[in-house]
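Notes to accompany the following structure.
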Amino acid sequence: MKPELLIHDTLAIQLRDRIHDEQLDSWHLCQLLLEAEAARVSPSFDELLCLQQLPNLTPYPHQLATAKKVLNEMHGRAILADEVGLGKTIEAGLVIKEYIIRGLVKKALILVPASLVIQWTKELNQKFGISAVAQKNASTWTDYEIIVASIDTTKRDPHRSLVLDQEWDLVLVDEAHKLKNKKSKNYEMINLLRKKYLLLVTATPVQNDLKELYNLITLLKPGQLGDSSYFHTTFVAEKRKPKNPREFRSALNEVMIRNKRSEGGVVFTKRHVKAIPLELSAQERELYDRVSSFVRDEFLRRKQTRGNILPLVTLQREICSSPYAALHTLERMMKDPRNTTNTLNELQQLFDLCHSIPLEEYTKGTRAVELVQEINDKCIIFTEYRATQDYLIYRLGQAGIKAIPFRGGFKRGKKDWMTDLFEHRAQVLVATEAGGEGINLQFCNQIINFDLPWNPMRVEQRIGRVHRLGQTRDVFVANFATRGTIEEYIVDLLQEKIRMFELVIGEVDMIIGKTRWKKDFENDIMDALIESHSQEHLQERFSEIGDRLLSAHQQVLEERSRLWEEQTP
């Protein structure tokens with residue numbers, strides 16, 4: 001007899017006895033008895049019994065198909081790798097609920113980023129009727145059955161030993177790409193957990209290297225891709241290019257499900273994207289040009305002496321964001337005892353020039369305030385830098401606009417509080433990159449990219465916070481681009497050359513992978529800046545990058561067309 005049938009035979013008997021012993025004519029108990037009987041005679045997971053208990057949830061066809069495949073074919077050990085916004089949480093919830101109803105899961109551990117603990121807890125309770133609790137202290141691990149916790153908390157003592165001492169029917173890990181390094185504490189923790197079922201949830205199962213995907217699958221199902229030597233010999237042509245693609249895809253399909261927006265079946269609202277060109281003031285232009293010149297010269301000097309070049313990259317990116325952001329980096333750089341006298345003098349001059357520009361006269365800040373007033377609705381402003389975030393909160397406040405921050409340094413409770421404040425009281429959420437991961441903000445449909453990340457993979461993560469299932473309005477994205485700066489070329493590259501804002505994260509991933517660059521995208525941009533000694537030369541370099549991306553995009557389209565022909569009778 002199957003384990004699930006034995007379990008539900010027992011459940012049905014217990015319910016009958018309870019009704020008889022207590023002499024109750026409870027409609028609720030009768031319903032439970034009927035459900036137990038239905039589960040007892042159900043031979044497979046072809047029909048999801050949990051749907052009968054979820055009257056207010058109407059899953060999309062791809063979500064139902066995914067849940068059934070995880071239950072029937074993957075036996076509860078799977079990577080849910082849908083592209084951003086397709087509802088991986090719903091798929092996971094369906095699987096967990098089904099297992100609970102059938103008596104196969106009683107104790108479950110849901111491990112997520114700290115900022116998403118409350119969100120996951122609410123969704124499991126409100127959408128699925130699963131009595132999940134957010135981990136608060138050491139006693140939570142033993143007092144409750146379904147626990148949502150931060151993986152960072154879980155891997156630290158005394159929590160680590162308490163968690164490892166228990167047996168878990170099901171473990172789920174959200175943002176599972178953070179397990180890509182098998183030598184990390186996160187990977188070690190998940191590997192040591194005693195678990196029957198394991199769900200790994202991530203929109204980006206591969207980021208830089210196929211080895212990352214190998215590590216995830218080995219954690220999930222050891223031996224699925226052979227040992228490390230066999231995997232590299234059989235399946236790896238280059239870091240991001242598989243060998244024997246059909247065989248590789250077949251092996252992946254046994255443990256991973258990836259639904260894509262481009263495959264149809266799900267209708268999203270429209271996305272409207274526009275660039276907002278801006279002219280720097282004379283003072284801002286002088287500052288930008290002098291910082292860029294200093295970065296170029298100092299970069300080459302430090303490369304020769306093997307000095308630290310990271311502060312220079314940061315400074316170049318910050319000066320495109322705001323002078324206020326650059327101030328902090330300049331101040332730190334001035335304290336470096338390895339500075340030459342000339343370097344220190346230049347840094348002091350840049351700091352003084354930066355400091356001399358009044359906050360109220362920043363071109364980008366002024367335009368941001370104007371645009372928010374024009375929108376006259378809820379809006380998310382994304383920036384990469386905390387200093388720029390603080391500046392924007394100040395400028396918006398001066399204009400009488402209620403704005404609140406969202407950033408990675410906030411503890412779990414404060415992030416939830418800020419999200420709630422944004423939904424019910426504030427007009428603007430000013431978010432750093434932490435706001436581009438995990439949280440759902442479909443009640444907003446306006447985004448301003450105050451500055452753009454140099455990595456295009458992270459842009460879609462930002463937009464995916466609002467342009468996802470559940471969004472009922474068209475989404476509007478405004479990208480600031482200051483003329484005559486590297487920012488203008490990046491916006492042009494992403495928006496016009498590869499029309500990245502019309503793609504989705506999976507397609508961008510494939511396009512960048514096709515370029516076969518030895519360096520990552522951000523380093524290529526920095527090299528273009530350092531090696532260009534005029535705006536014309538810089539424009540040529542960005543044109544070359546754009547041509548490579550366009551060529552890669554064409555390859556992706558051709559491969560997709562060929563694959564379609566192969567699969568069509």
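Note that the numbering runs from 1 along the sequence shown for the chain.
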Any donor-acceptor N/O pair, K68 side chain to T66 backbone, under 3.5 Å: no

Min side-chain heavy-atom separation L111-I190 under 4.5 Å: yes

Full working for side chain to side chain contact (heavy atoms under 4.5 Å, CB included) between F128 and I96: CA-CA 9 Å; F128 297 96; I96 298 170; over 6 Å; no

R102 side-chain N/O to K97 backbone N/O, donor-acceptor pair under 3.5 Å: no

Check: W141 main-chain N/O paired with Q166 side-chain donor or acceptor under 3.5 Å: yes

Donor-acceptor under 3.5 Å (R395 side chain, L359 main chain): yes

F443 backbone acceptor or donor facing R473 side chain under 3.5 Å: yes

Full working for side chain to side chain contact (heavy atoms under 4.5 Å, CB included) between Q53 and I101: CA-CA 9 Å; Q53 294 191 12; I101 286 178; 3.8 Å; yes

Donor-acceptor under 3.5 Å (H424 side chain, D420 main chain): yes

K196 (side chain) donor-acceptor with L104 (main chain) under 3.5 angstrom: yes

Distance flag, aromatic centroids of Y385 and Y324, threshold under 6.0 Å: no

Flag for R407-Q389: side-chain donor and acceptor within less than 3.5 Å: yes

NZ or CZ of K364 within 45° of F450 ring axis and under 6.0 Å: yes

Sidechain-backbone polar pair: K107 side chain, Y144 backbone, donor-acceptor under 3.5 Å: yes

Name of the residue among R271, K270, R462 meeting side-chain hydrogen bond (donor to acceptor under 3.5 Å, both in side chains) with H467: R271

Under 3.5 Å side-chain donor-acceptor pair for N125 and S131: no

Non-hydrogen side-chain atoms of F268 and Q471 separated by less than 4.5 Å: no

Check ion pair E175-K178 (N to O, under 4.0 angstrom): no

Polar contact flag, side-chain donor to acceptor under 3.5 angstrom, T329-E318: yes

Pair K274-N479, side-chain donor/acceptor within less than 3.5 Å: no

I147 vs W168, side chain to side chain contact (heavy atoms under 4.5 Å, CB included): CA-CA, chis, key distance, verdict: CA-CA 11 Å; I147 302 168; W168 303 92; 4.0 Å; yes

Residue pair Q446 / K378, side-chain donor-acceptor N/O under 3.5 Å: no

Heavy-atom side-chain proximity of L48 to L71 below 4.5 angstrom: yes

Heavy-atom side-chain contact between L124 and I110 under 4.5 Å: yes

Residue pair D474 / T269, side-chain donor-acceptor N/O under 3.5 Å: no

Distance-only side-chain donor-acceptor flag, N186 / S184, under 3.5 Å: no

Flag, side chain of Q442 to backbone of G470, donor-acceptor distance under 3.5 Å: no

Side chain proximity check, L200 to L80, heavy atoms < 4.5 angstrom: no

Derivation of the salt bridge (charged side-chain N to carboxylate O under 4.0 Å, His left out) call for E91 and K88: CA-CA 5 Å; E91 295 165 356; K88 296 182 289 295; over 6 Å; no

Least distance between heavy atoms, A92 atom then W120 atom: CB-CH2, 4.2 Å

Residue pair V163 / L109, side-chain heavy-atom distance below 4.5 Å: yes

CA sep, side-chain torsions, deciding dist, call: E487, D451, side chain to side chain contact (heavy atoms under 4.5 Å, CB included): CA-CA 8 Å; E487 183 175 68; D451 44 53; 4.1 Å; yes

From I146 atom CD1 to L172 atom CG, the distance as rounded to the nearest 0.5 Å: 11.5 Å

Side-chain ion pair, R160 and E188, N-O less than 4.0 Å: yes

Plane angle bin for Y197 and Y99 - parallel if under 30°, tilted between 30 and 60°, otherwise perpendicular: parallel

Validation row: L94, V70 side chains within 4.5 angstrom (heavy atoms): no

C444 and L429, any side-chain heavy atoms less than 4.5 Å apart: no

Short side-chain donor-acceptor distance under 3.5 Å, R317 and T314: no

Expected output: side-chain D169 to main-chain K106 donor-acceptor under 3.5 Å: yes

Identified side chain to side chain contact (heavy atoms under 4.5 Å, CB included) counterpart of Q63 within the set T89, T58, I90, L86: I90

